[in-house]
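Each remark here refers to the structure printed beneath this line.
Note that the structure is predicted; figures quoted are calculated from it, not measured. These numbers come from the heavy atoms of this one structure, side chains and all, not from hydrogens, waters or symmetry mates. If you read the sequence from its start, that first residue is 1, and numbering goes on from there.
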Amino acid sequence: MTTRETKGTALVTGASTGIGAVYADRLAKRGHDLILVARNKERLARLARRIACETGRKVDTVAADLTDPADLQRVEHILRTNAGISVLVNNAGVGAVGPLLVSDVDNMDGMIRLNVTALTRLTYAAVPAFVERGGGTIINIASAVALAPEQLNGVYSGTKAFVLAFSRSLHREFAESNIRIQAVLPGATATDFWDIAGTPLEGLPSEVVMKADDLVDAAIAGFDQGELVTIPSLPDIADWEAYEAARQNLIPKLSRSSPAARYGVTALKPNGGRVRK
């Protein structure tokens, strides 16, 4: 049982099972009160009772479907008005593994609404409040396929690439505002993601699947080490540093006044003539 001194309240989406439930457990043990958001009211209630009993933390629940505009607005309102909230864990999401030709476009639209729209709106609700309160933390659960979109469904990979890009932008924009941003890029994780996506977990090689508890513990360790991007399964951080160095090297070359010489295109002069390469 912990003391009643709190580090503030953490709001965790997709909290009833899997990664979200583990985050709820770990954050409570680190001294946070909780607001747990998910669709399944009964599972939320069971989890809340267990965590409150084991940790002594205050645990509130909000049964909400974040693809429903009214439910999403309710959670946005909590983030704007609850002055005790210091952490937002954007974990709620859904996935898919099938290629375009076997995927239902309405399901893909729903995925975008949850993985991208809901995450964006909740962040937009939280950040101004964090700025006003003098700080806060946003943890966005992306995916390793943000870096390897060829591996799974393209829309799913695209939504997670958005989460990574959005997190980078937030980090840059609010670096001086005492707001911590972390993007977590899990690989295959032992949750119900796979059953929902239509590929049973048992069909994956065991050596590529991480337990949700281990994943979250590694992600929290990465947060404590100050990482913006955490890839829990990556053995050598030098590989990420090399990737990031190459990306940074590209940035100043992505927008110039003339086409690259390798295309053999002569640039237009201001007067409409051509500049010979």
Within this structure, what is the CG-OG1 distance for the pair Leu79 and Thr9, rounded to the nearest 0.5 Å? 11.0 Å
Leu228 and Leu164: same hydrophobic cluster, using ILVMFWY side-chain contacts below 4.5 Å? yes
Can you list the residues that meet the salt bridge (charged side-chain N to carboxylate O under 4.0 Å, His left out) rule with Asp71, with sequence neighbours excluded? Arg74
Measure the shortest side-chain to side-chain distance between Lys7 and Thr137 over non-hydrogen atoms and say whether it is less than 4.5 angstrom. no
For Glu42, all residues meeting side-chain contact (heavy atoms from CB on, under 4.5 Å), sequence neighbours excluded: Asn40, Arg46
Rounding to 0.5 Å, atoms CZ (Arg133) and CG (Asn178) come to a distance of 13.0 Å
For residues 60-69, which residue pairs qualify under salt bridge (Lys or Arg N to Asp or Glu O under 4.0 Å), counting only residues two or more places apart or in two chains? Lys58-Asp60
Quick one: salt bridge (Lys or Arg N to Asp or Glu O under 4.0 Å) pairs with a partner in residues 152-177, sequence neighbours left out? Arg168-Glu244
Show me the pairs that pass side chain to side chain donor-acceptor pair (under 3.5 Å) and involve residues 86-99, at least two apart or across chains. Asn90-Thr123, Asn90-Asn140
Report the hydrophobic cluster partners of Ile220, with the cluster defined as I, L, V, M, F, W, Y residues connected by side-chain heavy atoms closer than 4.5 angstrom, directly or transitively. Val12, Ile19, Val22, Tyr23, Leu27, Leu34, Leu36, Leu44, Leu47, Ile51, Val59, Val87, Val89, Ile139, Ile141, Val184, Met210, Leu215, Val216
Taking every non-hydrogen atom, the tightest pair across Ile85 and Phe130: O-CE2, 3.3 Å
Looking at Ala63 and Lys41, what are the two nearest heavy atoms and their distance? CB-CB, 4.0 Å
With Leu101, which residues qualify under side-chain contact (heavy atoms from CB on, under 4.5 Å), at least two apart? none
Please answer: with hydrophobic residues joined when any side-chain heavy atoms are less than 4.5 Å apart, are Phe223 and Leu170 in the same cluster? no
Among all residues two or more places apart in sequence or in another chain, which pass the salt bridge (charged side-chain N to carboxylate O under 4.0 Å, His left out) test with Arg113? Asp109
Taking the side chain as everything from C-beta on, heavy atoms only, tell me whether Val102 gets closer than 4.5 Å to Pro99. yes
Pairing donors with acceptors under 3.5 angstrom, does anything connect the side chains of Ser157 and Gln151? no
Pair listing, salt bridge (Lys or Arg N to Asp or Glu O under 4.0 Å) test, anchored in residues 79-89, at least two apart: Glu76-Arg80
Quick check: do Val155 and Ser103 have side-chain heavy atoms less than 4.5 Å from each other? no
Euclidean distance, Tyr156 OH relative to Asn115 CG, rounded to 0.5 Å: 7.0 Å
So which heavy atom on Ala142 is nearest to which on Pro186, and how close? O-CD, 3.5 Å
Within a strict 4.5 Å, meaning less than it, do heavy atoms of the Leu122 and Leu66 side chains meet? yes
Rounded distance [0.5 Å steps], CD in Gln182 versus CD in Glu227: 7.0 Å
Could you list the residues that satisfy salt bridge (charged side-chain N to carboxylate O under 4.0 Å, His left out) with Asp217, not counting sequence neighbours? Arg26
Write down the atom of Ala190, the atom of Lys211, and the distance for their closest heavy-atom approach. CB-CA, 4.4 Å
Is Val131 close to Val127 at the side-chain level, that is, under 4.5 Å between some pair of heavy atoms? yes
Rounding to 0.5 Å, atoms CG (Leu88) and CD1 (Ile181) come to a distance of 9.0 Å
Quick check: does any side chain N or O of Glu54 sit under 3.5 Å from a backbone N or O of Asp25, one acting as donor and the other as acceptor? no
Going by heavy atoms in the side chains, are Thr159 and Leu119 under 4.5 Å from each other? no
OG1/Thr117 to CZ/Arg121 distance, rounded to the nearest 0.5 angstrom? 8.5 Å
Looking only at heavy atoms, what is the nearest atom pair of Leu185 and Ser143, with distance? CG-O, 3.4 Å
With Arg49 via salt bridge (charged side-chain N to carboxylate O under 4.0 Å, His left out) - residues at least two apart: none
Over all heavy atoms of both residues, which pair between Ala64 and Val75 is shortest? Give the atoms and the distance, please. CB-CG2, 4.1 Å
Gln248, CD: over 12 other non-hydrogen atoms inside 6.0 angstrom: yes
Taking only residues two or more places apart in sequence or in another chain, which ones pass ring pair (Phe, Tyr, Trp, His ring centres under 6.0 Å) with Tyr243? Trp240
Validation row: Met108, Leu100 side chains within 4.5 angstrom (heavy atoms): no
